[in-house]
Novice: 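After the structure tokens below, expect a handful of questions from me.
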Amino acid sequence: MKYSVFRKFILLVLFLNTFFLNAKPYIVYPETSVTNISPNLYFYEDHTRNLSIQEVSSKDFKDKFFLNNRVATPYWLTTSAVWGKISLDLKKTKNNYYLLFHNPIMENVEVFIPDIHGGFYKIVTGHGVDINKRIIPDRKIIIPVRSPVYPNSNLSEGTIYFRVFSPMNEFDLKASLVTELGLSKVKEMDTAFIAGYTGIIIVMFIYNSFIFFSLRNKSYLIYIFYTLTKGILILGTQGITHEYVFSDFTSDLWNLGFFGVVSLIFGNLFVKYFLNLKVKLPVVNKLYDVINVLLSISFFIKFIDATYFNYIYFIFLLLSTILSLTSGLRLYKQYLFARDYTHAWLFSLTAEILYTIATSGVYIPATIYLVQIGHVFETVLLSLALARQIRYLQGEKKKLGAIERDIAFAEEIQKTLFPRSYPISPAYSLAGKYQPSNKMSGDFYDFAIRKDNIICIIMVDVAGHGYAAGLIAAMVKVAFHETLESSKSASIHQNEINRILSQNVQTLFATAINLRIDPAKKMFYVSRAGHMPLLHFKRAENTITEYFPKGIPLGILKNHSYEEISVKYKKGDRLILFTDGIPESENIHGKAYGLNQFQNEIMNFIHDSTDSFCDNLIMKVNQWSRKVQAEDDIALIAIDLH
């Protein structure tokens with residue numbers, strides 16, 4: 001997915017093991033239109049950058065050159081000057097010939113062609129020379145070796161020397177000797193490929209821009225910028241930006257460095273958001289964040305040393321490539337759009353590898369255009385991947401909508417669990433409040449009046465909260481009412497509810513408190529199943545008493561017997577039932593509200609009506625936690641006894 005991903009690495013390997021040819025001191029090309037002369041090139045690296053043509057062409061210097069002897073030329077990333085030479089014998093052919101360098105962004109190229117006086121005719125060209133001022137005004141580096149248009153370029157036999165100095169950019173020196181027909185073919189093919197590539201990238205840019213403005217999808221926006229910046233980078237390496245945008249070569253080289261960094265950053269961002277790595281692969285997501293920050297900083301190293309910048313950039317390129325591939329492969333089987341993404345990346349990577357192999361001597365058609373071809377396939381496949389992802393998200397949205405409708409229906413049913421009105425009696429007054437932590441509550445309470453005028457109250461706290469807890473609470477309500485009249489006491493009632501639930505729900509775990517009030521005897525009876533204690537405010541004594549009848553939570557043992565406590569009450573007393581969502585509520589520092597603080601607040605509002613009393617207590621709990629969404633359900637009942 002990234003530009004020139006493995007090129008440097010593979011070139012190093014292939015440099016040690018390529019196809020060796022038998023070099024000849026002189027070569028003749030009677031009819032060949034385009035011929036690779038790289039195997040016959042000799043090279044010398046000048047670390048001083050001060051050698052003259054007289055020195056390197058002297059007999060004493062002859063043995064210092066090494067013969068390339070391979071189809072590809074060595075790959076340089078150096079601040080040294082590189083000298084090259086090639087011996088030609090063109091006496092037997094009348095064709096006109098040109099020396100063509102395939103790397104269009106080498107900064108300084110000086111070519112020395114033998115003249116009739118025994119000296120050299122010097123031609124200065126390269127990326128550092130304005131295109132219109134070159135001896136042949138073309139963005140490619142073309143040198144006339146024999147041409148009637150250039151009288152000084154009329155070589156029949158001799159050795160051509162050239163000197164390349166490119167401290168701000170990597171370069172290779174693959175060269176060809178071409179006839180006028182060959183030069184015309186090269187230009188025509190180059191124009192066709194570049195025009196086609198540019199057209200496709202522009203069309204994909206416009207097409208996906210329209211989709212972005214329709215969908216407002218962040219992945220589309222990042223993809224658009226990634227495609228655009230990478231396209232500018234690739235066109236820049238072909239000399240297009242120098243020809244049409246930046247006539248100054250220094251500005252163009254800085255521009256290439258900038259777009260190299262920016263396209264890599266956008267590529268990393270695209271992987272992050274498209275594959276949702278923050279959720280799917282959080283560790284990889286953080287690594288991308290670190291790489292992007294370091295990439296942004298690394299660009300400024302180019303101001304200090306361009307060579308170091310290239311090395312650092314390649315390291316980040318390699319790391320990003322590895323992360324991109326592993327991320328796609330890890331999600332490959334889970335999502336179809338992840339497969340499209342991986343295929344797109346592999347197309348681009350394959351093109352890069354083939355291009356590298358091709359520059360090392362293996363014949364592959366359209367060699368110099370493999371990077372563009374790979375990017376076109378990548379761009380189209382990523383666009384398809386985005387479209388598939390949108391369809392996937394729309395499908396998930398429809399499923400979610402259906403689930404939400406079902407949940408809304410379940411919520412309406414669950415609301416019926418709570419009493420819509422409270423019993424009215426001269427013997428007591430009561431109020432209840434609940435606050436779910438989710439859309440459905442696991443806490444539940446209900447009231448019922450028996451035929452003997454005894455009021456029965458139950459409060460349940462199902463383990464967990466949300467939809468599953470709400471459904472269990474509904475079952476408790478059914479069991480509560482089914483066994484109401486047949487149970488002679490609060491403990492027996494609790495035993496029956498436990499038996500029914502144990503038989504029908506295997507994974508139930510719920511606490512409960514069962515309270516019965518007999519106004520005729522001024523007695524209340526309480527049975528408890530692992531629940532919070534019943535609080536009894538005795539108005540005459542102005543104290544609070546806690547009641548803890550023994551009993552384990554519902555649903556654990558089928559035939560468990562629950563203890564019951566009976567208490568005589570007086571007029572003006574208040575009973576308080578609550579769930580553990582109140583004392584266990586934590587503030588932002590992780591400190592629990594606690595039972596003691598809850599009882600202190602009870603005393604502060606004890607003279608309020610039961611309804612205001614419940615509202616004020618829950619308000620105090622929420623003020624303590626200061627959280628938008630409570631962590632647990634809260635239920636509270638207050639009963640004034642008359």
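These numbers come from a predicted model, not from an experiment. Numbers here simply count residues along the sequence, with the first being 1.
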Novice: Report the distance from atom CG of L233 to atom NE2 of H375, rounding to the nearest 0.5 Å.
Specialist: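 Rounded to the nearest 0.5 Å, the CG-NE2 separation comes out at 9.0 Å.
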Novice: Verify the distance criterion only: is there a donor paired with an acceptor across the side chains of Y197 and Q238 at less than 3.5 Å?
Specialist: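 No.
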Novice: Just how far is it from atom CG of D46 to atom CG of L51, taken to the nearest 0.5 Å?
Specialist: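 Separation between the atoms: 3.5 Å.
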Novice: Show the nearest heavy-atom pair for residues I291 and L319, with the distance to one decimal.
Specialist: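 That closest heavy-atom pairing would be CD1-CB, 4.0 Å.
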Novice: Would you name the heavy atoms of S383 and Y207 that are closest together and state the gap between them?
Specialist: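 For S383 versus Y207, the nearest heavy atoms are OG-CE2, 3.8 Å.
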Novice: Are the aromatic ring centres of F347 and F377 under 6.0 angstrom apart?
Specialist: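 Yes: the rings meet the under 6.0 Å criterion.
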Novice: For S87 and T159, which I'm curious about, is there any donor-acceptor pair between the side chains at under 3.5 Å?
Specialist: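 Yes, side-chain donor-acceptor contact under 3.5 Å.
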Novice: If we only count heavy atoms from C-beta on, is the N208 to F212 side-chain gap below 4.5 Å?
Specialist: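 Contact flag for N208/F212 side chains = no.
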Novice: So with a 6.0 Å cut-off around CZ of F61, is the heavy-atom count from everything else above 12?
Specialist: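 Above 12, so yes.
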Novice: Is it possible for you to check whether K85 lies under 6.0 Å from the centre of the six-membered ring of Y42, through NZ or CZ, and within 45° of that ring's axis?
Specialist: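 Yes - K85 lies over the ring of Y42, closer than 6.0 Å to its centre and within 45° of its axis.
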Novice: Nearest 0.5 Å, please: how far is CG in L346 from CD in E378?
Specialist: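 Here the rounded value is 10.5 Å.
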Novice: For the residue pair N285 and K278, confirm or rule out a side-chain donor-acceptor distance under 3.5 Å.
Specialist: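 No, because no side-chain N or O of N285 sits under 3.5 Å from a partner of the opposite role on K278.
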Novice: Between the main-chain N or O of L295 and the side-chain N or O of S298, is there a donor-acceptor pair closer than 3.5 Å?
Specialist: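 Between the backbone of L295 and the side chain of S298 there is a qualifying donor-acceptor contact (under 3.5 Å).
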Novice: Just checking R388: does its CZ atom have more than 12 heavy atoms from other residues, nucleotides or ligands closer to it than 6.0 angstrom?
Specialist: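 Enclosed.
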Novice: Which heavy atom in Y121 sits nearest to a heavy atom in S153, and how many Å separate them?
Specialist: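 Smallest interatomic distance, heavy atoms only, reads CE2-OG, 3.6 Å.
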Novice: On a heavy-atom basis, which atom in S147 and which in N96 lie closest, and how many Å separate them?
Specialist: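 Answer, listing the atom of S147 first, then N96: CA-OD1, 4.1 Å.
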Novice: Within the distance-only criterion (no hydrogens, no angle test), does the side chain of Y150 pair as donor or acceptor with the backbone N or O of I135 below 3.5 angstrom?
Specialist: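 Here the side-chain-to-backbone pair exists.
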Novice: Please report the interatomic distance NZ(K185) to CG(D190), rounded to the nearest 0.5 Å.
Specialist: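 So the NZ of K185 and the CG of D190 are separated by 15.5 Å.
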Novice: Testing the basics here: between I123 and P144, what is the closest heavy-atom pair and its distance to 0.1 Å?
Specialist: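 Nearest heavy atoms, I123 then P144: CD1-CD, 4.1 Å.
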Novice: For Y341 and Y335, I'd like to know if the aromatic rings sit close, meaning centre-to-centre distance below 6.0 Å.
Specialist: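 When the ring centroids of Y341 and Y335 are compared, they turn out to be at least 6.0 Å apart.
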Novice: Give a yes or no on whether the backbone of I234 and the side-chain of T237 come within a donor-acceptor separation of less than 3.5 Å.
Specialist: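 Side chain of T237 to backbone of I234, a donor-acceptor pair under 3.5 Å: yes, one is there.
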Novice: Applying side-chain hydrogen bond (donor to acceptor under 3.5 Å, both in side chains), run through S324 and Y288 and close with a yes or a no.
Specialist: CA-CA 10 Å; S324 298; Y288 268 124; 2.8 Å; yes
Novice: Atom OH of residue position Y273 - does it have more than 12 heavy atoms of other residues, nucleotides or ligands inside 6.0 Å?
Specialist: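 At most 12 heavy atoms, drawn from other residues, nucleotides or ligands, come within 6.0 Å of this atom.
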Novice: Could you tell me whether the side chain of S263 and the main chain of G260 form a donor-acceptor pair under 3.5 Å?
Specialist: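 Flag set: sc S263 to bb G260 pair under 3.5 Å.
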Novice: Within the distance-only criterion (no hydrogens, no angle test), does the side chain of R49 pair as donor or acceptor with the backbone N or O of F165 below 3.5 angstrom?
Specialist: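 It does not hold such a pair.
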Novice: Looking only at atom types and distance, does a side-chain atom of R146 sit under 3.5 Å from a main-chain N or O of L90, one as donor and one as acceptor?
Specialist: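 Such a contact is found between R146 side chain and L90 backbone.
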Novice: Is there a donor-acceptor contact under 3.5 Å linking the side chains of S52 and E55?
Specialist: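 Result is yes, a qualifying pair exists.
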Novice: Could R339 and Y332 be counted as a cation-pi pair, given that NZ or CZ must be under 6.0 Å from the ring centre and within 45° of the axis?
Specialist: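 Geometry flag: set, cation within 6.0 Å and 45°.
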Novice: Y223 vs F270 aromatic rings, parallel, tilted or perpendicular, using cut-offs 30° and 60°?
Specialist: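 Judged by the thresholds at 30° and 60°, the geometry between Y223 and F270 is tilted.
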Novice: With no hydrogens and no angle check, do the side chains of N36 and S38 hold a donor and an acceptor under 3.5 Å apart?
Specialist: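 Looking only at side-chain atoms, S38 and N36 do form a donor-acceptor pair, the distance falling under 3.5 Å.
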Novice: Please indicate whether F225 has more than 12 foreign heavy atoms, meaning atoms of other residues, nucleotides or ligands, lying under 6.0 Å from its CZ.
Specialist: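 For F225, atom CZ is not crowded (no more than 12 foreign heavy atoms under 6.0 Å).
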Novice: How long is the gap from CG on L275 to NZ on K280, to the nearest 0.5 Å?
Specialist: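 Output value for this atom pair is 10.0 Å.
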Novice: What about F162 and F101, are their ring centers closer than 6.0 Å?
Specialist: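 Under 6.0 Å, so yes.
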Novice: Test of understanding: with salt bridge (Lys or Arg N to Asp or Glu O under 4.0 Å), list the residues that count as partners of K187, not counting sequence neighbours.
Specialist: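 With sequence neighbours excluded, K187 shows a salt bridge (Lys or Arg N to Asp or Glu O under 4.0 Å) to D138, given in chain and number order.
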Novice: Counting C-beta onward and ignoring hydrogens, is there a side-chain heavy-atom pair between L173 and M106 closer than 4.5 Å?
Specialist: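 Heavy-atom side-chain distance check passes, below 4.5 Å.
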Novice: How close do L100 and I142 get, heavy atom to heavy atom, and via which atoms?
Specialist: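 Result for this residue pair: CD1-CG1, 3.8 Å.
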Novice: How many angstroms lie between atom CG of L323 and atom CG of N268, to the nearest 0.5 angstrom?
Specialist: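 Separation between the atoms: 7.5 Å.
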Novice: For F274, does its backbone N or O pair with a side-chain atom of Q389 as donor and acceptor, under 3.5 Å?
Specialist: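 Yes; at least one donor-acceptor contact below 3.5 Å.
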Novice: ring-ring contact (aromatic ring centres under 6.0 Å, His included) with W83: which of F66, F65, F112?
Specialist: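 Output: one option passes, namely F112.
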